[in-house]
Amino acid sequence: MHMSLENKKVVLAASRKTEEMSTLIEKQKGTPLVRSLQGTVFLNDKQVKEDLERAVQEKFDWMIFTTGMGANTLLDLAEEMEIRDQFLQMMKDTDIGARGYKTFAALKKIGVSPLAKDDDGTINGLIQSLKQFDFKGKRVMVQLHGENAPSLVTYLEEAGATVMQILPYKHIDPDLDTVELFCQEVMQSKVNAVCFTAAIQVRSLFKYVTEKGYTKEILDAFGDNILAVAVGKVTAEALRDEGIERMVQPELERMGAMIKELSRYYEK
């Protein structure tokens, strides 16, 4: 039986599945600490309905979808508003960009095939595939998921596009006392590793860290002796965007695989 997490304190930044992950860490003699850096998410439907109404009236050259759930939510809301047919027609008449296989699948179901799509599930992958198109003077609608993807919007605006963002979900910040406690633990090296299971955890953390002026200490801690663990590509991309380079990431994007990968790292 592996005991490779013995004497290791492993922080879980997630808000769900924390019990299962804690059990996996304890089985390897590690100490799990749950510090949820993820606030709650709710459907931002009033705002989105106003945006949809506007979107259907205005014409766009491009529509970009970044999550399957978001694309489906927009269609559901359009149906509730009795403008689904117009919205679908608009999607069929417009150049489409998509990030992630779930988004691709959601679009395929309604007979829409994207002109541009990522090859690796990331926003940067999508940007790469948009580079062959000219966005000068183009009007682009971007569906984002609860947190904005600043790099995508910045890219489009710098390429000369006018961007309208639609956010079907809204994030409420995590509990700030928890985030502060987490920052102190990291800066004082009281923990050994931090498992991030969603990009939003990284973004929420760094939004707080920037406001508090902790950025340098936090990045130094992760650079030196605290190991960042990312469940998958999108989370890893968010960590790199914030300046964390040293990290462990499983081949298989699953929470169990992530804990295994972490213990393998400590066996070396």
Next item on the list: Apply the test side chain to side chain contact (heavy atoms under 4.5 Å, CB included) to residues Ser151 and Thr154: give CA-CA distance (whole Å), side-chain angles for both, the deciding distance (0.1 Å), then the verdict.
Entry: CA-CA 5 Å; Ser151 52; Thr154 307; 5.7 Å; no
Check: Where do Met91 and Met63 land on the side chain to side chain contact (heavy atoms under 4.5 Å, CB included) test, with the steps shown first?
Finding: CA-CA 7 Å; Met91 286 171 77; Met63 292 168 82; 3.6 Å; yes
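- Between Arg84 and Ile110, the shortest heavy-atom contact is NH2-CG2, 4.0 Å.
- Residues Cys195 and Met258 form a side-chain contact, since some pair of their non-hydrogen atoms from C-beta on lies under 4.5 Å apart.
- Side-chain contact between Met81 and Phe87 is absent, with no heavy-atom pair separated by less than 4.5 Å.
- Grouping the Ile, Leu, Val, Met, Phe, Trp and Tyr side chains by contacts below 4.5 angstrom, directly or via other members, places Val194 apart from Met255.
- Residue-environment remark: NZ (Lys260) stays at or below the threshold of 12 foreign heavy atoms within 6.0 Å.
- A distance of 12.0 Å separates OG1 in Thr94 from NZ in Lys138, rounded to the nearest 0.5 Å.
- Within 6.0 Å of NZ on Lys92 lie more than 12 heavy atoms contributed by other residues, nucleotides or ligands.
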Item checked: Trace of the side chain to side chain contact (heavy atoms under 4.5 Å, CB included) decision for Cys183 with Val209 -> CA-CA 8 Å; Cys183 290; Val209 162; 3.9 Å; yes
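- Atom CD of Glu58 and atom CD of Glu53 lie 11.0 Å apart (nearest 0.5 Å).
- Taken from CD in Gln188 to CD in Glu217, the straight-line distance is 11.0 Å, to the nearest 0.5 Å.
- Judged by distance alone, the side chains of Tyr266 and Gln28 never bring a donor and an acceptor atom under 3.5 Å apart.
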Between side-chain atoms of residues 9-24 and protein atoms elsewhere (two or more places apart, or another chain), which donor-acceptor pairs fall under 3.5 Å?
unit_1: Ser22; atom_1: OG; unit_2: Thr18; atom_2: O; d: 2.7
unit_1: Thr23; atom_1: OG1; unit_2: Glu19; atom_2: O; d: 2.9

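- Here the straight-line distance linking atom OG of Ser36 with atom CG of Asp175 works out to 9.0 Å at 0.5 Å rounding.
- Judged by distance alone, with hydrogens and angles left aside, the side-chain atoms of Glu82 form no donor-acceptor pair with the main-chain N or O of Glu79 at under 3.5 Å.
- Closest approach of Val48 and Pro168 over heavy atoms only: CG2-CA, 3.5 Å.
- Contact check for Val179 versus Leu37: side-chain heavy atoms found under the 4.5 Å cut-off.
- The number of heavy-atom neighbours closer than 6.0 Å to NZ of Lys117, taken from other residues, nucleotides and ligands shown, is 12 or below.
- Contact detail for Ala193 and Leu262: the closest heavy-atom pair is CB-CD1, 3.9 Å.
- Between the side chain of Glu253 and the backbone N or O of Lys233, at least one donor-acceptor pair lies under 3.5 Å.
- For the residue pair Gln38/Ser204, the side-chain donor-acceptor check at 3.5 Å is not satisfied.
- Residues Asp241 and Phe206 are not in side-chain contact: their nearest non-hydrogen atoms beyond the backbone lie 4.5 Å or more apart.
- Within the 3.5 Å criterion, the main-chain N or O of Lys59 finds a donor-acceptor partner in the side chain of Arg139.
- Judged by distance alone, the side chain of Asp61 and the main-chain N or O of Val140 form no donor-acceptor pair under 3.5 Å.
- Side-chain contact annotation: Gln47 with Asp51, donor-acceptor N/O pair under 3.5 Å present.
- Hydrophobic clustering keeps Val234 apart from Phe196 (ILVMFWY residues linked when any side-chain heavy atoms are closer than 4.5 Å, directly or through intermediates).
- No continuous path of ILVMFWY side-chain contacts below 4.5 Å connects Met69 to Leu75, so the two sit in separate hydrophobic clusters.
- Distance OG1/Thr67 to CG/Leu74: 8.0 Å, rounded to 0.5 Å.
- In terms of the side chain to side chain donor-acceptor pair (under 3.5 Å) criterion, Asp95 has no residue partners (sequence neighbours excluded).
- Linking ILVMFWY residues whenever their side-chain heavy atoms come closer than 4.5 Å, directly or via other members, places Val202 and Phe182 in the same cluster.
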Notebook entry, point to check: Ile96 and Leu107: side chain to side chain contact (heavy atoms under 4.5 Å, CB included), yes or no, with the steps?
Noted result: CA-CA 10 Å; Ile96 301 282; Leu107 293 171; 3.9 Å; yes
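- Residues Asn192 and Leu5 fail the side-chain proximity criterion, which asks for heavy atoms closer than 4.5 Å.
- Here the side chains of Leu227 and Arg246 are in contact, with some heavy-atom distance below 4.5 Å.
- Side-chain atoms of Tyr265 and Ser4 form no donor-acceptor pair, as typed in the model, at a separation below 3.5 Å.
- In this structure, the separation between CD1 on Ile64 and CD1 on Ile166 is 12.5 Å, given to the nearest 0.5 Å.
- Within a 6.0 Å radius of CD in Glu50, more than 12 heavy atoms belonging to other residues, nucleotides or ligands are found.
- For the residue pair Ile244 and Leu219, the shortest heavy atom distance occurs at CG1-CD2, 3.7 Å.
- Hydrophobic cluster membership is shared by Val56 and Met164, with clusters built from Ile, Leu, Val, Met, Phe, Trp and Tyr side chains linked at under 4.5 angstrom.
- A donor-acceptor pair under 3.5 Å links the side-chain atoms of Gln201 to the main chain of Thr197, judged by distance alone.
- Here the shortest heavy-atom pairing between Gly30 and Pro32 reads O-CD, 3.6 Å.
- At a threshold of 4.5 Å between non-hydrogen side-chain atoms, the residues Leu239 and Phe222 do not count as touching.
- A donor-acceptor contact shorter than 3.5 Å is absent between the side chain of Arg264 and the backbone of Ile259.
- You'll find the side chain of Glu251 stays beyond 4.5 Å of the side chain of Glu261, heavy atoms only.
- More than 12 heavy atoms of other shown residues, nucleotides or ligands fall within 6.0 angstrom of atom CD in Glu211.
- With hydrogens and angles left out, the side-chain atoms of Asn124 and Gln128 include no donor and acceptor closer than 3.5 Å.
- Shortest non-hydrogen contact noted between Leu77 and Leu52 is CB-CD1, 3.8 Å.
- Sorted by first and then second residue, the ring-ring contact (aromatic ring centres under 6.0 Å, His included) pairs with a member in residues 38-85 read Trp62-Phe133, Trp62-Phe135; sequence neighbours excluded.
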